[in-house]
Structure formats: structure tokens, C-alpha cells
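Before we start, here is the structure in question, set down as C-alpha cells.
Just so you know, residue 1 is the first one in the sequence shown, and it goes up from there.
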Amino acid sequence: MTQQTVIITGASSGVGLYTAKAMAQRGWQVVMACRDLPKTETAARAVGMSSASYSILPIDLGSLASVRKFVQDFRATGKSLEALVCNAAVYLPLLKEPMRSPEGYELSVATNHFGHFLLANLLLDDLKAAAGVDKRLIILGTVTANSKELGGKIPIPAPADLGDLQGLAAGFKAPIAMIDGKPFKAGKAYKDSKLCNMMTSRELHRRYHDATGIVFNTLYPGCVADTPLFRNSYPLFQKIFPWFQKNITKGYVTQELAGERVAQVVADPEFKQSGVHWSWGNRQKVGGKSFVQELSDKASDDKAIRMWELTEKLVGLNS
């Protein structure tokens, strides 16, 4: 059998890096899609990945031009594509004013949602072309964007809520910085972008699964409280949060265990069901059992369709 290839965004650290390691251990060829190539190379060696098991291609998901260039670069390698893992994310909770992407969009939504939305759509043809194999497109979700789970019910600083998508409908450029069109809240911008990630996966499944056989899913592997995702939080938070998750909520998982769970959803036969959001019971334990987690009504099909159509326009897919 020809070696299968997976692209993993944000694979230079945290969950993405350990997903890359777990996929390489399964015999896959890993394309590590990252901004900092030397950092990625060092990280891959540090976790023991053999040089033959991976390659590195540059991408800045906050730049739509960079996403398009990445797709060109990947196709130039001649590799097939059997799986795409949309893992990378930025979390900038201390910002008082929004940072902007090169296209002028608020950076959290531009990176976490727009960049992955464009990448997934551009690579659909590559996934379709992989003949005779199980093909999957997996997007990382989060508990804080799903009010069906306890972590998503905590309203501090603000729960994920896309409103009627007024911000997207108005073009999402300055002075607009929130999907719902309301005043900027940095932590909420992250949660909103992750809710869009989960809605995107649901809509990908609705539109393309039956025709292509591609499996489209999201997952929440547990709270990786010490991941570099939190490097822009208060230093005290970075110390207290892992302790709190380990000892109070019991939701903490290691980066390595989270990476292994992502790899399971990407490659293992028991995760072939499409259109679902995977989670784990007894999350801290290596043997924790996976289950399909219900998503909140905020990820409804009607809103997902509208979100898709507006995003398609903003990233230049239907122009």
C-alpha cells in the first residue's frame, strides 16, 4: 500500500506536534504545516520523529494568500492526501483592541476560522483524489464553544455566541471585530472562532460526505491546560490553570495523550462515523472511553449554512 499522507496545521508544538508524532508512529507521512520552520524542525527531532517520517511546509493561517500558497506548495510535492487536521489556533485573551490579518480581519477569527475554512475547501479535491482509502478531514473543537458541556456554560468572560452573524454580513473589517457585530472581546473572539470551526465541519459533512465518502469530524480531547496556546495569557493563569484542571475539574490531559486522541480520530477504524463531535469520558485517563458529544443549538444547521455562505465570500471562494 502507498504510504498515506496527513497535513497537520500548527504542528510545531502542543497537540499538533504530538499528533504528528502519533501519526508518524502509525506509519503515515506527516506534512507539518507551520509558520516557523526551524522551530518545527527542532520540535520534530525533540520528540523523536525520524527525518523520513515528515516534511515541513510554511503556512500562516492568518493570511489568505499564505494559505493559497501552501496549497500550491503541497501539490508541487506530488504527494497524495488522505487526511487533513486543522489544529492551529491563536488565543489572545489580553488584547484590548483587535489585531488584524493582512486582509483586515480580526486575527483570531482570521486564523482559527477563515484560514482553516479556506484550506479545507481548497484541499477537498486532493482528498477526493485519494483513491481506495479512508479519507478524513478533522478540525479541533473546544469545550468552551459548546454550551452542552459544563465548560461551555461558564460565562466568563463571555460565552461563544455568533448572534445573527451581523459582523460577517457587514464585511468583518474595521471597525467591526466580532462575528456578532458587538464590541470587541478578545476571549470571546477565540470561542466564536472555535464554534465556527465545529459548524464548518458539520456543514462539510452535510455538503460533501455522501458524494465523496470523506469523513468530517471535530473533537475535544480534554483540557490541555499547559499547551502553548495559553502563552499569551497572564503568567499567573498559566500556573494556576493546569493545577485547577488536574485537581478540581479532573479535565486535564497531557499534550501527548491529546495528540494520540487526535490521531485516533484521524486514522483508527472505530472513528469512521462522519458528522460528529468526539469527546472522552474520564478524560485524564489513558484508557478513557470516546463518545459522540452533542453540540449546542448555537451550531444549528440553519446558522451553519448562513455562516458558510458569508465566510465563503469573505475568503474569496465564491467571487
>> Using a 3.5 Å distance criterion without hydrogens, assess whether the side chain of Thr111 forms a donor-acceptor pair with backbone atoms of Ser108.
In response: no
>> On a heavy-atom basis, which atom in Gly14 and which in Gln255 lie closest, and how many Å separate them?
In response: CA-OE1, 3.1 Å
> Using 4.0 Å as the upper bound for N to carboxylate O, is an ion pair formed by Glu203 and Lys303?
Replying inline: no
>> Taking the side chain as everything from C-beta on, heavy atoms only, tell me whether Phe184 gets closer than 4.5 Å to Glu97.
In response: no
> Is the CZ atom of Arg306 crowded by more than 12 outside heavy atoms at less than 6.0 Å?
Replying inline: no
> Where the side chain of Thr42 meets the backbone of Pro38, is there a donor-acceptor pair that is under 3.5 Å apart?
Replying inline: yes
>> For Val276, is there any backbone N or O sitting under 3.5 Å from a side-chain donor or acceptor partner on Asn217?
In response: yes
> Below 4.0 angstrom, N of the basic side chain to O of the carboxylate: do Glu256 and Lys21 qualify?
Replying inline: yes
> For residues 96-118, which residue pairs qualify under ring-ring contact (aromatic ring centres under 6.0 Å, His included), counting only residues two or more places apart or in two chains?
Replying inline: Tyr105-Phe114, His113-Phe117, Phe114-Phe172, Phe117-Trp308
>> Quick check for you: to the nearest 0.5 Å, what is the distance between Leu204 atom CG and Ile214 atom CD1?
In response: 8.5 Å
> What are the two closest heavy atoms between Ser274 and His205, and how far apart are they?
Replying inline: OG-ND1, 2.8 Å
>> Do Gln29 and Ser55 make a side-chain contact, defined as non-hydrogen atoms from C-beta onward lying under 4.5 Å apart?
In response: yes
> Would you call Arg26 and Gln264 a side-chain contact if the rule is heavy atoms closer than 4.5 Å?
Replying inline: yes
> What's the spacing between Lys191 NZ and Ile179 CD1 if we round to 0.5 Å?
Replying inline: 13.5 Å
>> Ignoring hydrogens, what is the shortest heavy-atom contact between Ser279 and Gln293? Give both atom names and the distance.
In response: CB-CB, 3.9 Å
> Do side-chain atoms of Asp36 reach the backbone of Lys39 as a donor and acceptor pair under 3.5 angstrom?
Replying inline: yes
> Met99 versus Leu95: any side-chain heavy-atom pair under 4.5 Å?
Replying inline: yes
> Just wondering, do Val31 and Ile8 contact through their side chains at under 4.5 Å, heavy atoms?
Replying inline: no
> Who are the side chain to side chain contact (heavy atoms under 4.5 Å, CB included) partners of Ser66, not counting sequence neighbours?
Replying inline: Ile59, Asp60, Ser63
> Closest heavy-atom contact between Thr212 and Lys135?
Replying inline: O-NZ, 3.8 Å
> What are the two closest heavy atoms between Met307 and Leu165, and how far apart are they?
Replying inline: N-CD1, 3.6 Å
> Nearest heavy-atom pair of Ala33 and Ile7: which atoms, and what distance?
Replying inline: CB-CG2, 4.1 Å
> Using 4.0 Å as the upper bound for N to carboxylate O, is an ion pair formed by Arg45 and Glu41?
Replying inline: yes
>> Can you tell me how far apart OG1 (Thr5) and CD (Gln3) are? Round to the nearest 0.5 Å.
In response: 6.5 Å
> Using the benzene-type ring in the case of Trp, are the ring centres of Trp278 and Phe271 under 6.0 Å apart?
Replying inline: yes
> Short question: side chain of Ser290, backbone of Trp280 - any donor-acceptor pair under 3.5 Å?
Replying inline: no
>> Using 0.5 Å steps for rounding, measure from the CG atom of Leu219 to the CD1 atom of Ile138.
In response: 7.5 Å
> If you measure from CZ on Arg202 to NE2 on His209, what distance do you get to the nearest 0.5 Å?
Replying inline: 15.0 Å
> Is the closest side-chain heavy-atom distance between Ile176 and Gln166 below 4.5 Å?
Replying inline: no
> Got a sec, which pairs hit side-chain hydrogen bond (donor to acceptor under 3.5 Å, both in side chains) with one end in residues 72-89, sequence neighbours left out?
Replying inline: Lys69-Asp73, Arg75-Asp126, Ser80-Glu82
> Where do Val215 and Gln273 land on the side chain to side chain contact (heavy atoms under 4.5 Å, CB included) test, with the steps shown first?
Replying inline: CA-CA 7 Å; Val215 171; Gln273 181 180 354; over 6 Å; no
>> Can you tell me how far apart CG (Leu64) and CG (Leu119) are? Round to the nearest 0.5 Å.
In response: 11.0 Å
>> What verdict does the side chain to side chain contact (heavy atoms under 4.5 Å, CB included) test give for Thr19 and Arg261, after you've listed the backbone C-alpha separation in whole Å, the side-chain angles of each residue and the deciding distance to 0.1 Å?
In response: CA-CA 8 Å; Thr19 301; Arg261 286 175 174 172; over 6 Å; no
> Can we say Lys188 and Asp180 salt-bridge, meaning some charged N sits less than 4.0 Å from an Asp/Glu carboxylate O?
Replying inline: yes
>> Taking the side chain as everything from C-beta on, heavy atoms only, tell me whether Phe70 gets closer than 4.5 Å to Pro58.
In response: no
>> Please check this pair: side chain of Asp161 against backbone of Gly163, looking for a donor-acceptor N/O pair closer than 3.5 Å.
In response: yes
>> Pair Arg136, Lys272 - check side chain to side chain contact (heavy atoms under 4.5 Å, CB included), show working.
In response: CA-CA 8 Å; Arg136 303 188 192 180; Lys272 288 184 68 173; 3.2 Å; yes
>> Could you tell me if Thr311 and Glu309 have a donor-acceptor pair between their side chains, going purely by distance under 3.5 Å?
In response: no
> Can you check side chain to side chain contact (heavy atoms under 4.5 Å, CB included) on Tyr208 and Leu124, steps first, answer last?
Replying inline: CA-CA 9 Å; Tyr208 299 116; Leu124 274 178; 3.6 Å; yes
> Do the side chains of Val85 and Leu140 get nearer than 4.5 Å, heavy atoms only?
Replying inline: yes
>> Does Lys182 have more than 12 heavy atoms from other residues, nucleotides or ligands lying within 6.0 Å of its NZ?
In response: no
